[in-house]
Amino acid sequence: MPGRTPSSPSEEPSADATPAGQQLARLCELFGQSLGTPCGPRDSLVDLGGDSLTVTRLISSVHRELAAELTFQDVFDHPSPHELAQLVGGAGRPPGDSP
């Protein structure tokens with residue numbers, strides 16, 4: 001959306017050394033790579049202009065990097081790294097498990 005900017009640096013994930021903190025930081029990176037712009041933990045993929053191609057890139061990256069399978073619906077229901085981290089961190093859907 002015009003005029004929408006990513007979260008301020010103060011909203012960036014901290015250097016949390018826990019697995020959940022590392023996963024959130026990685027998801028922020030994957031969102032940013034997919035969108036082509038920095039992304040904070042509470043930024044919405046849709047609000048930052050994400051489209052079906054962006055979602056496809058994100059799903060592929062999450063599968064490759066975090067070994068979690070997501071659907072388009074998962075991403076649209078959980079459009080921020082913070083929300084998606086809760087799904088993926090809760091084991092989400094293991095590879096091969098159908099929705």
> Who passes side-chain hydrogen bond (donor to acceptor under 3.5 Å, both in side chains) against H82, sequence neighbours left out?
Replying inline: R42, Q86

>> Tell me the closest heavy-atom pair linking G40 and C28, and the distance in Å.
In response: C-SG, 3.8 Å

>> Can you confirm whether L87 sits close enough to L70 that some side-chain heavy atom of one is under 4.5 Å from a side-chain heavy atom of the other?
In response: yes

>> Would you compute the distance between atom CG of L66 and atom OG of S61 and round it to the nearest 0.5 angstrom?
In response: 9.0 Å

> Excluding sequence neighbours, so at least two apart, what forms side-chain contact (heavy atoms from CB on, under 4.5 Å) with F72?
Replying inline: S52, V55, T56, I59, F76

Got a list of side-chain donor-acceptor pairs under 3.5 Å for residues 29-36, not counting sequence neighbours?
residue: E29; atom: OE1; partner: R26; partner atom: NH1; Å: 2.4
residue: S34; atom: OG; partner: L30; partner atom: O; Å: 3.0
residue: S34; atom: OG; partner: L58; partner atom: N; Å: 3.4

>> Within the 4.5 Å heavy-atom criterion, are C39 and L48 side-chain neighbours or not?
In response: yes

>> I need the minimum non-hydrogen distance between V88 and Q23, along with the two atoms involved.
In response: CG1-NE2, 3.2 Å

> With no hydrogens and no angle check, is any side-chain donor or acceptor of D77 less than 3.5 Å from a backbone partner on D74?
Replying inline: no

